[in-house]
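Structure, as structure tokens:
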Amino acid sequence: MPYRLLRFALSNQYREPRMFHTPERLKKSYDMVIIGGGGHGLAAAYHLAKDHGINDVAVLEKGYLGGGNTGRNTAIVRSNYLTPEGVRFYDESLKLFQELSADLDLNLFYSERGHFTLAHTDASLRTMRWRAEVNKHMGVDSEVITPEEIKRICPYIDLECGGDAPIAGALFHPPGAVIRHDAVAWGYAREADRRGIEIHQQTRVTGIETTDGGVVGVHTDKGFIETKKVLSAVAGYTPRITQMVGLKTPLVIQPLQACVTEPLKPWLDNIVVSASLHVYISQSSRGELVMGAALDPYELHSQRSTLDFVEGLSGHVLDLFPFLSDVKVNRQWAGMSDMTPDFSPIMGTTPIEGFYLDTGWGTWGFKATPISGKTMAHTMATGEDHDLIKPFNLARFENYELVGEKGAASVGH
Amino acid sequence: MKLLRCPINGLRPLQEFSYGGEVRESPDPASAADKQWAHYVFNREGEPGVKREWWYHIASGTWFIAERDNVKDIFLKTYLYGSGEQTQ
Amino acid sequence: MIRDRLPPQPREWIDRGRTIDFQFEGGSCTGFAGDCISSALWASGVRMLGRSFKYHRPRGIYSLANHDVNDVVEDGVTTNIRADVTQICSGASYQAVNTFGGLKKDSARHIEHLSRMLPVGFYYKAFHTPRKLFPYWERKMRAMAGLGAINPKLPRARTPKDYDFCDVLVVGAGPAGLSASIAAAETGASVLVVDENLHPGGTLGYQWNSDASAARRFAQLMGKISSMPNVWIRTATEAAGLYADNWVALIDSVRLTKLRAGAVIVAAGCFEQPAVFKNNDLPGVMLASAAQRLIARYAVKPFQRGIVLVANSDGYCAAQDLLRAGVQLAAIVDLRKSPESPELVQPFNAARVPIFQQHAIYQARHASGKQGIIGAVICPIDDAGKTVTERAFKLECDGIAVSVGWMPADGLINQAGGKMKYSEQLHQYLPESLPEKVFAAGRVNGVYHLEAQLADGRRAGLAAAAAVGRNNGPVPEQARHEGPSPNHPYPVFPHPKGKAFVDLDEDVQYKDIVNAVQEGFDSIELIKRYTTIGMGPSQGKLANMNGVRILAKTRHQTVTQTGTTTSRPFYHPVPFGHLAGRSFHPHRLTAMHSRHQKAGAQFMPAGAWHRPAYYPAAGQGRDDAILAEVKTVRQGVGLIDVGTLGKIEVCGPDAAEFLERLYTGRFAKMRPGTTRYLLMCDESGVVIDDGVAGRLAEDRFYVTATTTGADAVYREMQRWAIIWGSSVTLANVTGQYAAMNLAGPYSRSILANLTDIKLDQDAFPYLGIREGVVAGAPARLMRVGFVGELGYEIHVPSQFGGHVWDRIMQQGAGFGIKPFGVEAQRILRLEKGHIIIGQDTDGLSSPYEAGMDWAVKMDKPFFVGQRSLQIIQKRPLQRALVGFTLPTDYAGPIPKECHLVIRGDQITGRVTSVAFSPSLNRVLGLAYVAKDQSGLGTKFTIRVDGRKEVEAEVVKTPFYDPDSRRQSETVEKPREAAA
Amino acid sequence: MTTASRQSPMHDALEHLHPRWGQVNGMSAVASFADPQHESALCRTLALADVSALPRTLLKGPQAAAWIQRQGLSVPPKIYAHEAIPGGGLLIRTGAAEFFAEGAVSGDAVERLAGEGATLPDGVYSFPRQDAAMLLSGEKSFDVLAQTCGYNFRQPEMDFIMSRIAGVSCSILREDRDRAPLFHIWCDASYGTYLWETLLEISREAGGDAVGMSCFFPTAIK
């Protein structure tokens, strides 16, 4: 047993300090305000303080830390994207994730499992090869493998998929990992808090004040704050924020659902994704199977669950692993995904001076948490879009310069 | 599963339909500036609220308009395009 | 041996006529039919039924109501079987899950000695440095986690699902539910009552076990219901989820029923809540309602000498049941100053059972190995509810029954978006706002007295009937609970040493919550995620309430200020098999499918279709088969099934105008009898589909679309027709027509003998379309050039497809005709430089990038995508699709589709199509390259497998027969065939 | 005039059941699979039959209604209303200007409606309907439908609907025969084999089976 655990045994009292504080009240003004106390907002706060020495920052969270999509996604980390812009960005993220437990001194259970994206048709196999080639070019460990190789690494999988959609091959991404998602938010919050950044939970933004095209302050249900720089990092709630500054975006909010089974002894080490079956599945360190599927088919600003989601998902899980018929689904939930037309994020500066966007995270936001925090912090500190996110600026749409990730992201969690 | 009332086929489960996106007025392509057109092509009314949407009943091939509260996920009324007439 | 079986009980569930033998942990046991695993074991004197999740502490019966998640077994077939609700099977052999070396010897039990090192969230604070060691620790932790093990041998269950409908669904067949169903049914509504228990009755079946008047009530209710034709009762059926518009998932042992209910009445009763004290988890400590279930349902004596911890009259009733069951009562410990009424106490005075008012159990004392309890430490509590430990004293007992309060089973209400509000008077949650057409009845409403429950059920039944338009009569006011609350506001008695559990699923202790708050996890949602309280298989039904109370107390808040977590589906976990059902996989077959099967075709999926990929001869490999098919078409004649192509008829006065607005080309001036290529863009100017338009008449076009695009294209056509107000009549006839392409030099010679249509070059030129009869069937013929040989696409009503195919194959036999598949067609069209939408284009390709400028008529007044293309035109082209070849003598690895075009360290494009062309005897393909690489003769580099680099040259397309002579040349019947 | 032989979309699935074949409108159609008494008994409990051999057409266009009237047929007044075709057959209004006609084993009403051998007037267009057509018959047909379709077929107003069965778009008409429920089911020919096999599997689990056309057209099968 590690010494760190012994110290618990050696003390009579429980001496663990607070991870984060609850400030008495909002100050009159801050250098910067971050809307959204999820992974992205907290990571941005952490990097503002750590990389740029800026700590006069308030993080405003209408609910509780990591209560949005940070705590609702299926916690998969990977970088086997399709476009060079995407791969470069997500691979930086993955590298930060690998060191994150040490950097935040919190065990985030970062667990490299190997990530399969199954192909059931030669058309999807072509896309897999496209991704693999781009990935390899960018130095990312990613390979198209045969059904036999899949079987060797993941012996329980039924290559026939119940006969309806036999597996033709897969994109295999060894660094693909899962991680304890809530802890990511807590770790960033603790380190930001430790560096003097204020985290205000249960604080709702009600308006953003601008004069001649620039931000001057933020209205909240706890009073007005003067500030010149505001970051919106609220995923599914982004349209409500952009509305406050009169900014139009391509975002459409659609629910993404997920569910978990009762805990089982470990049997599935890998992360298995099938785009055409619309299912992705991994086993958590608690032993639960964590699963998700495609987006719900229409716009919705709520987190309701549906029965047809879990029916369809179950059918596809059994196509892959027929012996799970008697395993029980314990709980289902949903998050609100902020979808973009090209399945790439919208990040950085906007036409409104001092208003920064970190959105368009659709179904791929969690895996970008560290890098979006780092690049958005840089962008806010310097006023210039970080190089990694230049391709993702909102202006790309009116310039017809989309970054086509669709082939990699459709169900590529 | 939700129920949706098709003006032709009546009240049916949502799985019989497919979603066609918001009803959007195209600016006049001849007079619209490039930015204005790009705005029409890419941007959406993403805010929560009551929207006019296209819905399609698959089995019968029927397009119609639904006014939906996309926060409560409640269909307020549905009617055929052009006929503002309400169907309960 | 059946040590603790009681004499017959009035409404017991067991069949004493049928004994059942089974094994538990290797030992043989006997029970009666109708016993659940837990009751049969308990009756045989087994006390340790399982071990806990984290510390592997012994656990016994706790709720006997589907919440005993520590008493979970596997039977060698399936796993995570809940012993407290699963009936024993004869011959079954049960093992407790998550033990290491068996339940008794479980080596993991030693973890508890380390428990001081494993406080809440310990795993967040260690094992991560050095990083390379974490995988080792993770393996160890994963091995400890999890309950049952999967059985990879288990075959897939395809259990049927079904749909059902009713006016009113009543969840819960207890007093409130039964009376609600009667009231609703009396209005004429169709009523379905579901209850997760094997038998109806709810509390009437165990809490009122020995109350004669309650028994009479029960008989009346059941009698009435059996006399009503419009009430159905489904027992052993659980309402697992309540979704939008009263869409309800009903789960029984074999199937999922998807029920559409007009209205839903939640009369699911309450969960009895535990008290928190040291060792409150060990075998022998149980909820009073569990003890009553043991007695009333299974006729099992819960223990020999017991203590009853009470905070309500239900506890006194339970104590009486225990006395009647022959249990010696060491004491009744009442948390309150005094009971509701003196009558409650009298029977116990008579039986000389000491009653300690305003006392609490401070600790349960355990036998060695914690496999049972031997006594309790009791001490007074002050007015603030704190234990006065210096006045503590011990009593001996082997069981403790806890009756300190209830929480409504409000899961369905929460799922449906209803709001529950904590009542500081009743100390439980009560419905604040109910969703439309959802109602609550009975104890969910905080109504506890039997007659009041019946009245409240009646009210809910009438209200529900009114909601579905069955009842116009008056709906009475809702009854309220009278008298003191049955729920104690804070049944929590911490102990400085030892473990007092709040959540038995997850082994969450009192101190874990206090410590988590100290670390800043001070909202209920954060507490849940940090301590994992409520995350276990029972979803915190017995844990969340006390968790909230402890958090509230620690933060000096009220329970209302503290709030609660949202409960989500499912009410109880549901098997994948039930949810998946048969899982239908609809697929489409062409009219000639059986012909392809007989010809030994290898099929490939295309959307929902199965299409022949190629037809290997015996012993022939894939590539050889495909090359042979290509040769056949180029040098002789082949026949391919193209029935999966989208086929849409566009008719009416505006037909031509409509196509001009929808597609990029011009169609107004097309002469009837001709065809023209179609290209479709979306509004952003991206290429999305293509096909051919054949003009059959001034007002009638026959339009094809890609196999996978057909449905979407037709759907968008319908929508544009509405928006534009076009006077067109559209019909998607994709499935109505079989279609085949007869291609190759001999095609005309073959067809000539089968049709009345004049085929000679002048009568039926290239790109013509004709209607007539082929092989006796009404047909449409198109001369199209996709594969680049003389060819005829033949469309006939699908029922004729097989016949026409056969006749052509017979007629072609003399010409060596062969069927060919999609793979050969891909090579043939590639030789002609024809692109495939979706393969040679991607989600962002403009017609200009795809080299389709020729198909785009920008000078038209309007077409979909035109305005965006005007913008795109102004911008420098980033990439271009070009044809390329490798040197004829090239012998290296052949590039594959999606291999990259590389310049320096830059990706400038990718290969979209590539193949060895048997006709040109060299490798050729299509690729996206940078604009400045797209000039004819330009050399560029493709990186192939093994990071090798291959130089390719940009060449003009079509590669094969550039001036398309072969599409018009005819070749007479070959001599050898004539002979 | 066509001389070619037609085949049911389910032909091969039927062939596997070794039926007694007959001829209907130039299509080999199943007369029966088993003893006729047994099959007609099944029709009262649960039976599935392929009736794809019946002639069908789809008429569309602003003048369609007028054309139908001119053929001496009464035009169904509103969408999804239907009329019997004299001499056998059905005419269903499937849209404001859309009509679906199915003939019987004899007669040429459908051919005339489709304008075969004549030219249709402007504003009327006819299209082939090569549907996989089935009859689901008997008391237990409700159980089969309950496993495959989310529509409540027991509600009294159930008449003609377009919905999904086992994931396939279908037209469904209820038309009871001598007090036994009878459902016409039409779907795209390409889904025929899948839908037939799915419905047959479920029907057999429920004690039903496939029957021939003779059950419904006793004299007509040659």
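Just so it is clear: chains get the letters A, B, ... in the order the sequence lines come, proteins before strands, and each one is counted from 1.
Of the listed residues D:A96, D:C187, D:S163, D:G150, the one with more heavy-atom pairs under 4.5 angstrom with chain B than any other is D:S163.
Enclosure of atom CD in D:E157 by more than 12 non-hydrogen atoms of other residues, nucleotides or ligands within 6.0 angstrom is indicated. The 12-atom threshold is not exceeded at CG of D:D122, counting heavy atoms of other residues, nucleotides or ligands nearer than 6.0 Å. Within a 6.0 Å radius of NZ in B:K51, more than 12 heavy atoms belonging to other residues, nucleotides or ligands are found.
The two residues D:C170 and B:A59 make their nearest non-hydrogen contact at O-CB, 4.5 Å.
Distance check, rounded to the nearest 0.5 Å: CG of B:N9 to OH of D:Y80 gives 3.5 Å.
When heavy atoms are compared at a cutoff of 4.5 Å, D:I79 approaches chain B solely by way of its side chain, counted from C-beta outward. Residue B:L11: no heavy atom, backbone or side chain, is found under 4.5 Å from chain D.
B:R12 contributes a side-chain N or O that, together with a main-chain N or O of D:M162, makes up a donor-acceptor pair within less than 3.5 Å.
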